*Asks:* 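Can you keep this structure in mind? I'll have questions shortly.
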Amino acid sequence: MVASWWSLYPPMLRSRLFEEAVARLWHDGLISGEMHLGTGEEAIVAGVVTQLRDDDAMALDHRGTSAMFLRGVDPALLLWELLGWPNGLCGGMGGHMHLYSRDHLAASSGIVGAAGPAAAGFALAAQVRQSDAVAVAFFGEGAMNQGMLLESLNLASTWRLPVLFVCKDDSWAITTPSERTRGGLLGDRARGLGVPAVVVDGADAMAVWTAAAAAIDRARRGHGPMFLHAHCVHVEGHFLGYPLLRLVRQPLREVSTIAGPLTRSLLRWHGAPWRERLAGLQEVLAAVWQTLRDPRRARAHDPVWRARQKLCSEPARLKALEDDVNQEINLLLARAMAEVPA
Amino acid sequence: MVASWWSLYPPMLRSRLFEEAVARLWHDGLISGEMHLGTGEEAIVAGVVTQLRDDDAMALDHRGTSAMFLRGVDPALLLWELLGWPNGLCGGMGGHMHLYSRDHLAASSGIVGAAGPAAAGFALAAQVRQSDAVAVAFFGEGAMNQGMLLESLNLASTWRLPVLFVCKDDSWAITTPSERTRGGLLGDRARGLGVPAVVVDGADAMAVWTAAAAAIDRARRGHGPMFLHAHCVHVEGHFLGYPLLRLVRQPLREVSTIAGPLTRSLLRWHGAPWRERLAGLQEVLAAVWQTLRDPRRARAHDPVWRARQKLCSEPARLKALEDDVNQEINLLLARAMAEVPA
Amino acid sequence: MRTMAFTEAIDDALAQAMVADPSVILLGEDVPMLRRNLLVRFGSRRVRGTPISESAFLGAGVAAAMAGMRPVVELYMVDFLAVCMDALVNHAAKVEAFSGGRWTAPVVVRAPCGGGYGDGGQHEQALWGWLAHIPGLTVLVPSTPADAGGLMLAALRHDGPVVFLEHKLLSEMMLEFLGSGGRDTVRFDVPVDGARGPVPDRWEPAPLGRSITRREGTDLTIISAGVGVHRAVEAAQALASEGISAGVIDLRSIAPLDRSAVCDAVARSGRMLVVDEDYEGFGLSGELAAVVLEAGISCRYARVCTRTTIPYAPDLERRTLPNRERIRDAARRLMT
Amino acid sequence: MRTMAFTEAIDDALAQAMVADPSVILLGEDVPMLRRNLLVRFGSRRVRGTPISESAFLGAGVAAAMAGMRPVVELYMVDFLAVCMDALVNHAAKVEAFSGGRWTAPVVVRAPCGGGYGDGGQHEQALWGWLAHIPGLTVLVPSTPADAGGLMLAALRHDGPVVFLEHKLLSEMMLEFLGSGGRDTVRFDVPVDGARGPVPDRWEPAPLGRSITRREGTDLTIISAGVGVHRAVEAAQALASEGISAGVIDLRSIAPLDRSAVCDAVARSGRMLVVDEDYEGFGLSGELAAVVLEAGISCRYARVCTRTTIPYAPDLERRTLPNRERIRDAARRLMT
Ligand SMILES: Cc1ncc(C[n+]2csc(CCOP(=O)(O)OP(=O)(O)O)c2C)c(N)n1
Ligand SMILES: Cc1ncc(C[n+]2csc(CCOP(=O)(O)OP(=O)(O)O)c2C)c(N)n1
Ligand SMILES: [Mg+2]
Ligand SMILES: [Mg+2]
C-alpha cells in the first residue's frame, strides 16, 4: 500500500480538529493539569502511524494524544480520559501524559527520553518471538540529551532491534531553544551510536511517509533501527497556556506582571557587572522575540494547510472530505460529552 | 615544558612497580574485595597526568590507583588505604574504588560513567572562577555506553567546559568484548555530542603526551573539551584473580569446575535447538580464546617495555634510573608496612 | 517585615545569598526563564540553563560543590530525580564517608514536589521520606514563605548535600505555569497561609532539624510537613469544634528529624497521627513510629498518607492525597 | 531432595521456568558468562549480554514485559539501580495504575546485594526497604537456597514488577568472583545454612508476602531478612544460654510485608527487635514499628541496622553491618 495526499490529508485534519476540540475543553477548565498537543506535527505523526500494522508497537512521550488517536484508539475513550472520567481509556488514572492502550501496544510516558527504552523493549519482544513487527518511538529533540534515549539507540543498534526512532524537532524544550543545549548534530549522534539517520521535512507528510516506509521495511527485514529526524512547529508552543505565547497574544495582561520584577531586579544594587546583566536580559528577551516572530509559524509551514494545498485542484472532492471529517469530530464530541459519568 | 622518553619512562615504571607491589599484598590477602589495577595502561595515565597543573582536577573510575599515585598522592597513604588501615588516605573508608584527595582535586567512583559528570563539575567550577584550570576524566570504553557519560560530553561541549575526556579502551568490559555491545565508533559518538575526538596509540606514552598536551592547551584557552581515545591492554584482565585468566594460567584447577556444569547443561533435555546451543557455547568459548591468545598481551605491546626500548642506547643511565625507581618503591613498602596501626 | 509568595521568598533568599557568596550558582532546565529575575542581576555565568541531562548536570553540580562552589541544582520536579538518583545516592551522600570525613559535597538540589493540580502520578510525588532513607542526605520541606527562604539559606550554609523541596501547591508561580496556564476556569485547594505570608526584611538561616509547633493540642499530636501541615491545622480546627484538642507539628526538616520534639509531644498527648503526602510504606510515617517506640513511649498511632500512585482525575487525586476529611476521621478513631 | 548452593538454586529454578515458558528471557551485563550454563542450553536469543546501559536495558525489560515477555533483567549490583531507578519507580511500578488496571509489567529485576566482602559503600548496599517504599513494587530477599529458587519461580509467576535480591555473602559464585578472586588467603563470615542447603527436586513457587519462623522464642521476636536472619539465629542461640528465649522471623518478602505474622509474634512476646542490613532510617525497621502500632500492639522495640555508608576496611565494615554482638546487646537491653 502506498500513500497519497488524499490518504494523508484526512488523518492530519482529523488530528487537528480533534486536538482543537481538546484545547477548547482545556480552556473551559474541564481538563486539568498541563496539556501538550501535537498541533503542528501532524505530518510526522500521520506519516508514520498510518502505516503501522496491528502487531506493531508505539512508545510515546508527553505529547502522544494525536498518535494514540491516529493509531485507532477509540477517540471517545481518549476524551473521557482527558476529562478524568471513570469511563476513560485508563479509568481517569493516567491523563494525557500517561495514555496506555494494551490492545494497540501503545504506551506513553511523561519522563523525557523514556520512549527510547520502551520502544527498544517492544522491539525486543518482537525479535525474541521472531515476528517481523516493529516498534516506533516518538520524542522531541530535547529528549536527545537524555542518557536513557542515547543508551537505547546503542542498544537497538547492537541488538539490531526493529525500532524506528522518530525525533519531532520543534527546536524548543519548553522555554529553552534547543540549539543552546545541543552539541553536534542529532543525525551524527545517532550514527555514532550505530543507528543510521535520515533528515526529512516534518511539514511534508508525504516525505515523512516515504522515509518511514523505507525505515520500517528495513526493520521488518531484520536490518535494525533507523533514526528519523523531522522538523516541525508546535503551534500552541510547549503546552496550552504557554507563557511566551500568552505574552505575545495578551501583552497588556502579561507583560506588566513580568516586566516589573525583571527591571527591578536588573537595577538592584550588588550583582554582576552591567555587561553580564544585559547579556542575561538579552537571553530572556531573545526567547521572547524568537517566539514572537517565529517565521515557522507562518501558515505556509502548517503541515495541514500544506497538505490541503495539494488537493485544491479537486475542490468538490476536497469539500466532501472535509465535511465528513468535520461531521465525524462533531458527532464524536456530541456523543462523548453526552455520556456524563454517574 | 615538553616530555621525553627519559621523563616519561620513570613514572610508568614507578606505577608498574607500585601496582605489582599492591598485587602481592592483594594475593597475600592483606587487601580485601576487588582490585582493578592499571597495569598495561601506564602510557595513557603517565602521558596525561604528568602534565597536569596543581589546580587541575581528575575524575577517576574504579581503576584509578595509578592515576592517584602518579598525581603525587603520598603512596604510603595509598597503600594504607588499600590495606584498610586508619592512617590511610581516606581512613580506610574508601578502598581502591573510592580514593579521594581533596588537595589534588582528585575523586574516584565505582559507578561506571560517573567520571564524566564529575569532570564536567570540576571544570564548571574552574570556568565560573574564570581560572584556566582543566579537569581530566579517565574511563573505559565500556563506560561510553553509560548515559551519564554521554550526557556529560554534550554538557561539556555546550558549556565549552575545559575537560579532557580520556577513554582507556582495553576492548573489554569485565568478561564482555566491547565490540559486541557498541554501535558506531566512539570518536563519532563524541563528535555527535559536540566534542572533537582524536585517536592515539595508548601504548605510546609520547604520542599520548603530545595529544593530551594539545587538548589541555586548547581547553585552557577556553575552546572547550576534547575526547582522547587510546587503546591499551590490561595485563591482569579486569581485576586481580580475573577468572578467564585463571582459566588460562591454572587450567587444571579451574577448567574442571567450569566444564562439568557447562557440558551437563549443554546436554540437558528441553531447551533451544542444537544450532542455538552451540552458538551459545561458541560465545562462551570465544571469550576464553580471546583472552587465552590475545596477541595484545605480547611484550611488544607493553607500554613500559616499549618506553624502555627507547632508552637502551644509554644502558648506564637507564640502569641508574631503574635502580633509583626500584629502591624508591622498596623503601616505600618497607616504610609503609612497618607502620602497623595500633 | 515584608509579604511574599512562596517561590518569591526562596528566590529572594537566593539573591541575598548570591550577593554574599560568589560561589553560589544556579543551574537546571529552563532556569534562565524560571529564574529570569536572578539571571538579569547575576548574569549567565552564575545562572545557567542546561540540556535535559539530569544525570550529567546533577553529577556536575556535586563535583562543582566538591571544588568549592555552592551550586543550587534545579530539577523540574522531584519525580525526575529517578533518572539521576545515582549522583545523590552514590556520590553526594557518600563523599564525606568515602573520604574519611576529609571532603564534602555541599550541593543544594531544589525541586518542586507534590500534587493537587492534575499532572498525575509521574509528576506529583513527594518522595521526601524516600530520599531521607539515604545516610548523608539532608531533606527539607518548608510549608511557609518564611521557612522556605530561611531553610534555603540554611541549605546553602550546610556543609553537605541538601534536597530542598518546593511544594507546587504552595508555589503561585509553578501552579500558574503547570496548573492553570493562565486559565481562570480552574481552581486549586491552595493553603493560603502557605502560599503567601510575612518574611523578614533580611533573611537569617533557619535551624536544620528543628520542627515547629503550628498548633498546641492536648488530645493528640498531628505530625506533618509541607501542604499536609495546613491540611492538618484545618482539620484540627474542625476537630476543636468536636471537643478534640489536636496539636500540629510541622517537621520542616525530614532529615535530620526532630526526634526530641516529636517524642516530647507524643509522650504528652499519648496519640500520634502522621499526615504524610509521601507514600505510606517504608517512609516517614514508619520512621516516626520507630522513633517513638525507641524512646520507650507507648502511644496510639495512625497515619494518613498517599497509599498508591497518584491518579490524574481530580476527584481521585483529592481522595488519594491526604485531605481534611481523612485526617479528621483518623483523629476521631484515635480518640475512641 | 537435592543439595544446592544459593545461586545454583536460583539458576536451576530459572532453567525450569525457561523450559516451561518460552517468554522467559535473561538480560544484563556479562550474563552470557555469568549464566553460561543457561546460555548453552537456551541460546543467545533468550540469554543476552548488554552494554553498560542500565537505563536502556532495564527500561527495555519493562516494555518487553508489557509486550508479553517474562524478562529477568540482571543488574550487576542493586547499588547500580540508582542509575536507572526511573524505569522501576516511574514506569514498571506505575503501569498498572496508569492504565487503570488494564496493563502490567511483569519484569523481574535480579540483583546481587549486601556486604561483608570488602567492596565498600557503593557496592554493598541492601536497599530493599528503599525499594519497598514505592507502591507497585514487590521486593524479595531470600535467605536460603530453597527459598531463593522458590521465590524466583514465584517472581516469574507474579503479574507485576519484582525486585529479587541475591545476597552476595550467600552466593558462593559472587563471593568467589568479587571477594576471593581465587585466593585462599581471605575468609568471609558466610552463614553456612544460607549458602548451601536442601532444595526440592522440582521447584514450586514460594508464596509471596509470607514470612517463615526460623526459630521459636517467647521473650522477644527478632525480625530480619537475608543474611541478617542467620546472624539473628546465631545470636538467639547465644542468648538461649543466658536464659533469653528469642524467636526469629525471616520475612523473605519485604513488600508485600507479612503484617499478620509480625503482629501475632510481637503481640505474644511483647518485644520486637528488627535486624536490618538496609539503612536504619525511613525503611524496613520503621515500617515494622508502624505496622505493630497500627495494630494497637504495644511492645518494647529496638533495631540493629546499617546506620552509615558502609566502610571499606574489614573491621569497620564488620562493625557497621548488623552482627551477632550488636544483636545480642540490643536483645539484652530489651530484656532489662
Ligand atoms: C526526565 C525529565 N526531565 C525533565 C522533564 C520536564 N519536561 C517535560 S517536557 C520537557 C521538554 C521536552 O522537550 P522535547 O523533548 O524537545 O519535546 P517537546 O516538548 O519539544 O515536544 C521537559 C524538560 C521531564 N518530563 N522529564
Ligand atoms: C553503573 C555501573 N554498572 C555496572 C558496573 C559493574 N562494572 C564495574 S567495572 C565494569 C566494566 C567497565 O568497563 P570499562 O568502562 O571498559 O572499564 P575497564 O574495567 O575495562 O577499565 C562494570 C560493568 C558498575 N560498577 N557501575
Ligand atoms: Mg522540542
Ligand atoms: Mg574496558
Side-chain angles (χ1 to χ4, degrees), chain A residues 26-35 81 84-86 88 90-95 97-98 109-113 142-143 145-148 173-176 180-182 239-244 246 250 254 258 261-262 264-266 268 270-273 276-281 283-284 287, chain C residues 8 11 15-16 18-20 29-34 36-47 49-56 76-77 79-80 82-84 117-124 176-188 309-317:
Chain A
W26 183 86
H27 281 291
D28 294 345
L30 297 175
I31 295 175
S32 60
E34 306 173 66
M35 177 51 65
E81 183 61 26
W85 293 359
C90 306
M93 293 293 292
M97 282 194 280
H98 314 109
S109 173
I111 305 298
V112 167
N145 295 324
Q146 181 60 240
M148 74 174 102
I174 311 188
T175 68
T176 302
R180 286 183 148 274
T181 56
R182 186 192 61 247
F239 46 22
L240 294 178
Y242 184 57
L244 295 187
R246 267 153 55 201
Q250 309 146 330
E254 303 289 337
I258 290 177
L262 196 67
R264 269 196 302 283
S265 187
L266 177 71
R268 288 286 290 279
H270 310 300
E276 291 187 28
R277 292 190 184 210
L278 292 176
L281 182 62
E283 189 174 345
V284 176
Chain C
E8 190 186 2
D11 293 353
Q16 181 181 315
M18 291 179 80
V19 168
E29 294 149 25
D30 283 345
V31 158
M33 189 58 67
L34 298 176
R36 55 184 175 273
N37 297 341
L38 296 171
L39 170 64
V40 298
R41 183 173 173 190
F42 297 100
S44 46
R45 196 156 41 82
R46 293 177 67 186
V47 182
T50 64
I52 309 173
S53 308
E54 286 83 359
S55 303
Y76 233 112
M77 298 189 189
D79 315 67
F80 310 147
V83 307
C84 55
Y117 64 97
D119 249 356
Q122 275 176 340
H123 296 66
E124 298 197 336
E176 207 281 339
F177 190 60
L178 304 168
S180 68
R183 294 178 290 176
D184 39 33
T185 51
V186 285
R187 296 257 162 289
F188 306 105
T309 293
I310 301 164
Y312 158 73
D315 56 328
L316 300 178
E317 181 190 43

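None of these values were measured; they are calculated from a predicted model. What's counted below: heavy atoms across the whole structure, side chains too, no hydrogens, waters or symmetry copies.
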*Asks:* In the structure I gave you, are the side-chain heavy atoms of A:E34 and C:D119 within less than 4.5 Å of one another anywhere?
*Replies:* yes

*Asks:* Is it the side chain or the backbone of C:L316 that comes within 4.5 Å of chain A heavy atoms, both, or neither?
*Replies:* side chain

*Asks:* Do other residues, nucleotides or ligands put more than 12 heavy atoms under 6.0 Å from A:R268 CZ?
*Replies:* no

*Asks:* Are C:Q122 and A:H98 packed together at the side-chain level, in the sense that at least one heavy-atom pair is separated by less than 4.5 angstrom?
*Replies:* yes

*Asks:* Between C:M33 and A:E283, is there a side-chain heavy-atom distance shorter than 4.5 Å?
*Replies:* no

*Asks:* Heavy-atom cut-off 4.5 Å, strictly under: side chain, backbone, both or neither for A:V284 against chain C?
*Replies:* both

*Asks:* With only heavy atoms counted, which part of A:M148 is less than 4.5 Å from chain C, the side chain, the backbone, both or neither?
*Replies:* side chain

*Asks:* In this structure, are over 12 heavy atoms from other groups packed under 6.0 Å from A:R180 atom CZ?
*Replies:* no

*Asks:* So what's closer than 4.5 Å to chain C heavy atoms on A:P261: side chain, backbone, both or neither?
*Replies:* both

*Asks:* Is it the side chain or the backbone of C:R41 that comes within 4.5 Å of chain A heavy atoms, both, or neither?
*Replies:* both

*Asks:* Are the side chains of A:I174 and C:E29 in touch, meaning some heavy atoms are under 4.5 Å apart?
*Replies:* no

*Asks:* Between C:R36 and A:L262, is there a donor-acceptor pair closer than 3.5 Å when you use the side chain of the first and the backbone of the second?
*Replies:* no

*Asks:* Can you tell which part of A:L244 gets under 4.5 Å to a heavy atom of chain C, answering side chain, backbone, both or neither?
*Replies:* side chain

*Asks:* Side chain, backbone, both or neither: which part of C:F80 has a heavy atom under 4.5 Å from chain A?
*Replies:* side chain

*Asks:* What part of C:Y76 lies closer than 4.5 angstrom to a heavy atom of chain A: side chain, backbone, both or neither?
*Replies:* side chain

*Asks:* Quick one: what part of A:Y242 sits under 4.5 Å from any heavy atom of chain C, side chain, backbone, both or neither?
*Replies:* neither

*Asks:* Hey, could you give me the CD/CG distance between C:E54 and A:N145, rounded to the nearest 0.5 Å?
*Replies:* 10.0 Å

*Asks:* What part of A:W26 lies closer than 4.5 angstrom to a heavy atom of chain C: side chain, backbone, both or neither?
*Replies:* both

*Asks:* Would a distance-only check, ignoring hydrogens and angles, find a side-chain to backbone donor-acceptor pair under 3.5 Å from A:D28 to C:T185?
*Replies:* no

